[in-house]
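In this text, all values refer to a predicted model and were calculated from it rather than measured experimentally. Both ligands and their constituent atoms are indexed starting at 1 by order of listing.
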Amino acid sequence: VASASASGVRQVKLDKQCELRIVVGRESSLRLRLHTGTAEIFGTEIPPEKWLTFPPRIKFAVFSIYGATIEMDGFTETDYIADETPMISYINVHAILEEQRNRAQASSSADSNSSQGPRVIVAGPTDSGKSTLSKMLLSWAAKQGWKPTFVDLDIGQGSITIPGCIAATPVKVPIDPVEGIPLEMPLVYFYGHTTPSVNANLYKVLVKELAQTLDRQFAGNSESRAAGMVINTMGWIEGVGYKLLLHAIDSFKANVVLVLGQEKLCSMLRNVLKNRPSVDVVKLEKSGGVVLRNAKVRQKARSYRIKEYFYGLANDLKPHSNVSKFSDFVLYRIGGLQASRSALPIGAKPAADHMRLVPVNINRDLLHLVLAVSFATEPDQIISSNVAGFIYITDINVQRKTITYLAPSAGVFPGKYLIVGTLTWLEN
Ligand code: ADP
């Protein structure tokens, strides 16, 4: 079935509870419209008769509960209809979450426990469909008028902002299958690396920080509290990844843990959480439609995501190239060796201090790095501060002491502190 399909408008009939799985061709976009019936893309209803345009390479599915006819115009790399999907079980999860939201809304908002809606965490290996399920649950909730909070802890890909970050944003309308989530000031913390092992302690600190900030926001907002959260996690579920998953469940006080397609992870979680009757661990089947991505494809996806940040989704924004003096910025890296050797007993090696702020000299080693612009106004606030955005270093002139960088807009920097990680990007 995986063949390039011909161009020209084609009609596809979707029987009830079936889905049409599509990978758009590499070269050109695909136009698609709903001709009859009703259908949705990852939880967001498709408007009738309106042609929608999907960019090259995008992977998605059109699901219909009651049946539909779809029209397509353009090349696909793959398109086929699947009559076996786990969608009904996902919809059933949504129904249970809706009950919890209704109960939370009905209870007195003075009781912070009973007025808290579901805090769902989605776990599973890479390519199990975690981000997709998160988006569906959020879109279905938004369609019912809730404003659930999307929390993305996946530093490997990033559905809210660029990779290497953890972030949260309210979802007020069903998520657009092409445009993604509209970004009105998401709450973003910069970890700076795309794997957790680089500095697992820092990851934990940032997760705690994000959870506490959301708790404070929710305390004054019964609407957000009742709508609850959907938390997407990263695909590392062994070793340190597993520990970080448990840490996230605790930090966000998750009460529903959805495990996608992994028996072992599910039974491990059931076992450690068995003394907490307030937490439900639910095993869900992985969709056969989830497309496997190898390391190279994932690296590419990260790169696209960073490009999208600076150039816009359709490559239609022009980022600002700026030149600043070295003295305009102060750069820090988080994590390094313990302070001074002289303070240690003779012969002792300095230990790693994962939370240490290490000043970074400006030189050509910074070329092609993506740095975060902190909201901090003092160095000791850097670790606990969220970030305003990112810049991309395109040139360093050591003689003139100038930095040339891209920023998405000419916007003012909230401060002079920049955070350096290992996140790089090669503009092509
Ligand atoms: P994870 O978050 O577990 O790594 P994703 O949810 O990002 O996995 O899914 C991986 C890819 O598969 C994404 O490009 C997504 O659009 C695609 N995908 C997910 N579910 C389906 C489906 N049912 N049909 C077609 N493509 C799908």
Revision key, fill the gap. protein heavy-atom neighbour closest to atom 20 (N) of ligand 1 works out as Val290 CG2, 3.7 Å
Check your understanding: Is Arg293 in contact with ligand 1, taking contact as a heavy-atom separation below 4.0 Å?
Key -> yes
Check your understanding: Hey, is Gly124 one of the residues with a heavy atom under 4.0 angstrom from ligand 1?
Key -> no
Revision key, fill the gap. Separation between CZ (Arg225) and CG (Asn113), nearest 0.5 Å, reads 9.5 Å
Exercise for review: Output the list of atoms in ligand 1 that are nearer than 4.0 Å to some heavy atom of Ser131, sorted by atom number.
Suggested key: 1 (P), 2 (O), 5 (P), 6 (O), 7 (O)
Check your understanding: Asn201 and Lys204: side-chain donor and acceptor closer than 3.5 Å?
Key -> no
Practice item. Find the distance between OG1 (Thr169) and CZ (Phe150) and round it off to the nearest 0.5 Å. Key: 9.5 Å
Exercise for review: Could you check atom 27 (C) of ligand 1 against the protein and tell me its nearest heavy-atom contact, residue, atom and distance included?
Suggested key: Gly289 O, 3.3 Å
**Study point:** Heavy-atom nearest option to atom 19 (C) of ligand 1, drawn from Thr132, Asn232, Asp79
**Key:** Thr132
Revision key, fill the gap. Looking only at protein heavy atoms, what sits closest to atom 16 (O) of ligand 1 is Lys59 O, 2.8 Å
Point to revise | ligand 1 contacted by Gln157 (non-hydrogen, < 4.0 Å) | key: no
Practice item. Say whether Thr424 and His368, considering side chains only, have a donor N or O and an acceptor N or O under 3.5 Å apart. Key: no
Exercise for review: For Ser287, take its heavy atoms, then give the atoms of ligand 1 lying under 4.0 Å from any of them.
Suggested key: 23 (N)
Exercise for review: Among Asn232, Val230, Val256, find the one that has a side chain to side chain contact (heavy atoms under 4.5 Å, CB included) with Leu137.
Suggested key: Val230
Exercise for review: Could you tell me the residue and atom name of the protein heavy atom closest to atom 24 (N) of ligand 1, and the distance to it rounded to 0.1 Å?
Suggested key: Ala61 CB, 3.3 Å
Study note, to complete from the structure: In ligand 1, the atoms that come under 4.0 Å of a heavy atom of Lys130 are 1 (P), 2 (O), 3 (O), 4 (O), 6 (O), 8 (O)
Review point. Can you tell me if Ser222 and Ser115 form a side-chain donor-acceptor pair at under 3.5 Å?
Key: no
Check your understanding: With a 4.0 Å cut-off, strictly under, does atom 13 (C) of ligand 1 pick up any protein heavy atom?
Key -> no
Review point. Heavy atoms only: which of Arg57, Arg21, Glu19 is nearest to atom 23 (N) of ligand 1?
Key: Glu19
Review point. What residue among Lys59, Arg298, Lys286 forms salt bridge (charged side-chain N to carboxylate O under 4.0 Å, His left out) with Asp127?
Key: Arg298
Review point. According to the interplanar angle, ranging from 0 to 90°, do the rings of Phe190 and Phe390 count as parallel (below 30°), tilted (30 to 60°) or perpendicular (above 60°)?
Key: tilted
**Study point:** Tyr332 and Tyr417 aromatic ring geometry - parallel, tilted or perpendicular at 30°/60° bounds
**Key:** tilted
Study note, to complete from the structure: heavy-atom search around atom 8 (O) of ligand 1 in the protein gives Gly129 N, 3.3 Å
Practice item. Report the relative orientation of the aromatic rings in Tyr392 and Phe310; use parallel for angles under 30°, tilted for 30 to 60°, perpendicular for over 60°. Key: tilted
Practice item. Could you say whether the N/O atoms of Asp127 and ligand 1 ever approach to under 3.5 Å? Key: yes
Review point. Quick one: does Phe42 get a heavy atom under 4.0 Å from ligand 1?
Key: yes
